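Since we're looking at a predicted model, the values are computed, not measured. In each ligand, atom 1 is the first atom listed, and ligand 1 is the first ligand listed.
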Amino acid sequence: MNSIISVNNLTKKYNDTIVVDNISFDVEKGALFSFLGTNGAGKSTTINIICTVLNASSGETYVDGLNVKTEKNKIRREIGIVYQQNVLDDLLTVSENLKFRASLYGIKGRKFDKRLDELANKLNFKKYLNQNFITLSGGQKRRVEIARAIFHNPKILLLDEPTTGLDPKSRKRVWEIIWELKKNLGMTIFLTTHYLEEAKNSDLIMVLNNGKIIAKGSSLELKNQYSCDKFLIYPQNNVKDNLINSLVKSNIKFEEFEDHVIIQNPSIDEVSKELKKNSDLIDSFEFQKGSLDDAFLNILKRSEEELH
Ligand SMILES: Nc1ncnc2c1ncn2[C@@H]1O[C@H](COP(=O)(O)OP(=O)(O)OP(=O)(O)O)[C@@H](O)[C@H]1O
């Protein structure tokens, strides 16, 4: 594997509290890597160590072959970060903000003008260049924040919940931009998100809980391993017991809820027989494919069960 980030036995402690617990993983060059976990799982801590803004308690981390302990400045040139919160100055214009940020990487004069034009076109914010950052909408601000993060052409883009608070259309637009960066520029994308839908096309998903890696795999692998297809049957009023009796007689395993029953991993054959047999008891039914959301919840549930 051609890895661009390599994390080996990483641990972070605050006093005696371990918040990242001996984790190891690699991120492949050009991949979309998604880092999932509940609040407080240790995602931002890990990202901050990779970005060289926080020191680990122990373990080794390399970014593009550079050691995060000893080659901080070189690493900072290789990475761009979009934080959960916008970091640009509300009272400067978009152009002034980017000029200041670019100057930190030595990008000035004509080189700056050319790159600004390129990014303003690509990320569609040319119209707002002379507006104060505060006057932009949430989606427009995020696009400018992405421009800030990639102004110096980094190899890796770290996105810490980049679309939180955006409406679905703005989220879609931000994702189109991220895909373009991955596909056309081969940029490695390291994502943390609470929207599992966004992680579904990742090359690798890793789930963290209480500082530990509790699952790792592609979206399909995690879905196959931790979620299942479901068939929901909604009985007509007051006949749920009759439907349940029929399912019991047919030896079909199901879960009972207030106004419906769920058959997990249903076989077409058994479900169609039951539907035919009980058509006068059934109000409606639906089939649900196993989802990444289900997988995520089951991964956390199993991890909690193992702890107790
Ligand atoms: N400076 C600090 N001192 C003490 N504890 C801290 C500090 N920073 C973070 N923590 C703790 O470390 C744990 C991991 O926090 P972290 O921010 O990495 O989680 P996260 O997975 O990014 O959560 P979220 O999804 O809410 O952003 C939390 O319990 C947090 O309270």
Distance under 6.0 Å and angle within 45° of the ring axis: does K12 meet both against Y14?
yes
Which of the ligand 1 atoms, numbered from 1, are nearer than 4.0 Å to a heavy atom of K43:
18 (O), 19 (O), 20 (P), 21 (O), 22 (O), 23 (O), 24 (P), 25 (O)
Please test R115 against E118 for salt bridge (Lys or Arg N to Asp or Glu O under 4.0 Å), starting from the C-alpha separation and ending with a verdict.
CA-CA 5 Å; R115 182 73 174 140; E118 186 183 311; 2.7 Å; yes
Classify the contact between N39 and ligand 1 as side chain, backbone, both or neither, using a heavy-atom distance cut-off of under 4.0 Å.
both
Using a 4.0 Å cutoff against the non-hydrogen atoms of Q84, which atoms of ligand 1 qualify?
27 (O)
Which residue from T38, T45, L208 reaches closest to atom 16 (P) of ligand 1 through any of its heavy atoms?
T45
Here the atoms of ligand 1 under 4.0 Å from any heavy atom belonging to A41 are 19 (O), 20 (P), 21 (O)
Which ligand 1 atoms, with their elements, are less than 4.0 angstrom from a heavy-atom of V19?
11 (C), 12 (O), 13 (C)
Test salt bridge (Lys or Arg N to Asp or Glu O under 4.0 Å) on E221 and K216; report intermediate values, then the result.
CA-CA 9 Å; E221 281 164 352; K216 210 165 153 179; over 6 Å; no
Face-on cation placement of R171 at Y195 ring, 6.0 Å and 45° thresholds
yes
Which atoms of ligand 1 are found less than 4.0 Å from any heavy atom of E161?
25 (O), 27 (O)
Contact atoms of ligand 1, heavy-atom distance to H194 under 4.0 Å:
25 (O)
So, E305 and R302, do they make that salt bridge, N to O below 4.0 Å?
no
Please check if a non-hydrogen protein atom sits closer than 4.0 Å to atom 27 (O) of ligand 1.
yes
So F112 and F151, ring pair (Phe, Tyr, Trp, His ring centres under 6.0 Å) or not? Walk me through it.
CA-CA 9 Å; F112 168 77; F151 213 94; 5.4 Å; yes
Using non-hydrogen atoms of the residue, decide whether G42 is closer than 4.0 angstrom to ligand 1.
yes
Classify the ring geometry between F190 and F25 as parallel (under 30°), tilted (30 to 60°) or perpendicular (over 60°).
tilted
Distance below 4.0 Å between atom 4 (C) of ligand 1 and any protein heavy atom?
yes
